[in-house]
Amino acid sequence: MYRLDPDFFNLDYTLDCGQVFRWEKNGDWWTGVVGNNVIRLSQEEDSRELLIDSKLPPEFFSRYFRFDDDLSSIYESINRDLLIDRAINRYKGLRLIRQDPWECLISYMLATASSIPTIQKRIYLLSQIFGQELEDGYFSFPDPETLANADMSMLDLCKLGFRADRIKMAAEEVCSEELDFDALFRLEYKYARERLMRLRGIGEKVADCVLLFAFEKMESFPVDTHIRQIIQHYHIDDSYFETCTNLSCMGDWGREYFGRYCGYAQEYLYYQKRVEGFVSLY
DNA sequence: ATCCAGGGACATC
DNA sequence: GATGTCCATGGA
């Protein structure tokens, strides 16, 4: 057990905002599985110090929680209007997380048209049935080979619905190295997105989530149902915005409007909408 | 009962 | 390019 003292960091917002699905809070402590590690974290009320119950070194958490991102300059660059300004101030310290590409890919393929508790349940079942038990009740995420070779009757136990065959196909592509994660890292956002969207079950939204959360593409602007509702609800005085009705246009709008770090803007708007609905700006 | 949830594929126009 | 329907599942 040791401590870190990062600035601009709120553990609750970061783990609760809906970007990761394998953390749960009991009392003051969060428990989660990252790779083959069961990790427990807490944050002190007043000092804001991060308490870490894990054998992993500080460098691991600096990387995982993106302490290398300069949040104050990111806030400055994305703060374009009252709505995002409110979200930034209310949820200050929410950081994007550097996720594992494979787990992130499958997780967001399983997330389509589902509530967050349902997604969490699917991922838990998938890990319980196909992963390794690390501690009582905590399982590693299954590796690509296991899912590629999984038989459908076992996969159906995870309640994936129509998503089951999609993730099996994705697992096969990863195993055969037809889908190369290293290559995706090197590709520009636009081309990495096109590559991911060639997979069955990956459209613009899932591709953007995976690129934002696992491939360092901060210019991703995932348009899910909440973001769509936000854009439709707040008729911001912007001619480009006014004509923006379909989803892919909303993504382009977000990129242009918020700039290089629009992925951060997206996450703040998303979380604010989930927690508070359509907030008043007066 | 009906609608919605971190959507996407496919047909149709 | 824009629109409608279907796809499982679970909770409100």
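Everything numeric in this text was worked out from a predicted model, so none of it was measured. As a basis for the values below, the full set of heavy atoms in this structure was taken, side chains included, without hydrogen atoms, waters or symmetry mates.
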Worksheet item: Heavy-atom contacts under 4.0 Å between residues 214-229 of chain A and DNA chain C, which residues?
Response: none
Worksheet item: Closest heavy-atom contact between A/Ala148 and A/Cys175?
Response: CB-SG, 3.8 Å
Worksheet item: Taking the side chain as C-beta and beyond, is there a heavy-atom pair between A/Leu83 and A/Ile230 under 4.5 Å?
Response: yes
Worksheet item: Over how many whole Å does the gap from A/Lys168 atom NZ to C/dA8 atom P extend?
Response: 17 Å
Discussion item. Considering every strand and a 4.0 Å limit on heavy-atom distances, what is the contact class for A/Ile116: base, sugar-phosphate, or nothing?
Written reply: sugar-phosphate
Fill in: Whole-Å distance separating the CD atom of A/Gln120 from the C1' atom of C/dT9
15 Å
Item to complete: Report whether A/Val279 and A/Ile78 are members of the same hydrophobic cluster (ILVMFWY, side-chain heavy atoms less than 4.5 Å apart, transitive linking).
Response: yes
Worksheet item: So is A/Arg80 actually on top of A/Phe258's ring, under 6.0 Å and inside 45° of the axis?
Response: no
For nucleotides 3-5 of chain C, which of its nitrogen or oxygen atoms have a protein nitrogen or oxygen under 3.5 Å away, and what is each distance?
none

Discussion item. Donor-acceptor pair, distance only, cut-off 3.5 Å: does the side chain of A/Lys217 make one with the backbone of A/Phe215?
Written reply: yes
Worksheet entry | Donor-acceptor side-chain pairing of A/Asp81 and A/Tyr234 below 3.5 angstrom | no
Worksheet item: Please give, in whole Å, the distance from B/dG8 C1' to A/Asp165 CG?
Response: 12 Å
Practice prompt. Report the distance from atom CZ of A/Arg163 to atom C1' of C/dC7, rounded to the nearest whole Å.
Written response: 8 Å
Between the protein and nucleotides 10-12 of chain C, list every N/O to N/O distance that falls short of 3.5 Å.
residue : atom : partner  : partner atom : Å
C/dG10  : OP1  : A/Lys121 : NZ           : 3.1

Item to complete: Answer yes if the side chains of A/Ser47 and A/Glu44 hold a donor-acceptor pair under 3.5 Å, and no otherwise.
Response: yes
Worksheet entry | C1'-based separation of C/dA2 from B/dA5 [nearest Å] | 24 Å
Fill in: side chain to side chain donor-acceptor pair (under 3.5 Å) contacts touching residues 197-213 of chain A (sequence neighbours left out)
A/Tyr189-A/Asp208, A/Arg193-A/Asp208
Worksheet item: Taking atom types as modelled and ignoring hydrogens, do the side chains of A/Tyr268 and A/Tyr75 form a donor-acceptor contact shorter than 3.5 angstrom?
Response: yes
Could you go through residues 151-160 of chain A and list every donor-acceptor pair under 3.5 Å that involves a side-chain atom there, pairing it with any protein atom two or more places apart or in another chain?
residue  : atom : partner  : partner atom : Å
A/Asp151 : OD1  : A/Ser153 : OG           : 2.7
A/Asp151 : OD1  : A/Met154 : N            : 3.3

Response to the item:
Closest non-hydrogen contact found for A/Val210 with A/Tyr108 is CG2-CB, 4.2 Å
Considering only distance and modelled atom types, tabulate donor-acceptor pairs under 3.5 Å from the side chains of residues 271-278 of chain A, sequence neighbours left out.
residue  : atom : partner  : partner atom : Å
A/Tyr271 : OH   : A/Asp16  : OD2          : 2.7
A/Gln272 : OE1  : A/Arg86  : NH1          : 2.7
A/Gln272 : OE1  : A/Ala87  : N            : 3.4
A/Lys273 : NZ   : A/His226 : ND1          : 3.0
A/Lys273 : NZ   : A/Gln229 : OE1          : 3.4
A/Arg274 : NH1  : A/Asp16  : O            : 3.3
A/Arg274 : NH1  : A/Cys17  : O            : 2.9
A/Glu276 : OE1  : A/Arg86  : NH1          : 3.4
A/Glu276 : OE1  : A/Arg86  : NH2          : 2.9
A/Glu276 : OE2  : A/Arg86  : NH1          : 3.1
A/Glu276 : OE2  : A/Tyr91  : OH           : 2.6

Worksheet item: If you look at every strand shown and take non-hydrogen atoms under 4.0 Å, does A/Glu204 touch a base, only sugar-phosphate, or nothing?
Response: sugar-phosphate
Discussion item. If you take any heavy atom closer than 4.0 Å to DNA chain C, which residues from residues 95-114 of chain A end up in contact?
Written reply: A/Ala113
Item to complete: For the residue pair A/Arg40 and A/Ser54, confirm or rule out a side-chain donor-acceptor distance under 3.5 Å.
Response: no
Fill in: Hydrophobic cluster membership, A/Val33 vs A/Ile123, 4.5 Å side-chain cutoff
no
Worksheet item: Can you name the residues that form a salt bridge (Lys or Arg N to Asp or Glu O under 4.0 Å) with A/Arg22, not counting sequence neighbours?
Response: none
Practice prompt. For A/Phe162 and C/dT9, give me the distance from atom CZ to atom C1', rounded to whole Å.
Written response: 9 Å
Worksheet item: Which part of the nucleic acid, if any, lies within reach of A/Phe213 when heavy atoms closer than 4.0 Å are counted: base, sugar-phosphate only, or nothing?
Response: base
Fill in: Watson-Crick and G-U pairing of DNA chain C, under 3.5 Å, as dot-bracket with | and [ ]
|||||||.||||
Worksheet item: With a cutoff of under 4.5 Å between side-chain heavy atoms, which Ile, Leu, Val, Met, Phe, Trp and Tyr residues group with A/Phe65?
Response: A/Tyr2, A/Leu4, A/Phe9, A/Leu11, A/Leu15, A/Val20, A/Trp23, A/Trp30, A/Val34, A/Ile39, A/Leu41, A/Leu50, A/Ile52, A/Leu56, A/Phe60, A/Phe61, A/Tyr64, A/Phe67, A/Ile97
Fill in: Smallest separation among heavy atoms of A/Asp69 and A/Arg95, with atom names
O-NH1, 3.0 Å
Under 3.5 Å between N/O atoms: give me all the protein pairs with nucleotides 9-13 of chain B, atom names plus distance.
residue : atom : partner  : partner atom : Å
B/dA9   : OP1  : A/Gly201 : N            : 3.2
B/dA9   : O3'  : A/Arg200 : NH1          : 3.1
B/dC10  : OP1  : A/Arg200 : NH1          : 2.3

Worksheet item: Considering residues at least two apart in sequence or located in another chain, which fulfil the side-chain hydrogen bond (donor to acceptor under 3.5 Å, both in side chains) criterion with A/Ser72?
Response: A/Asp70
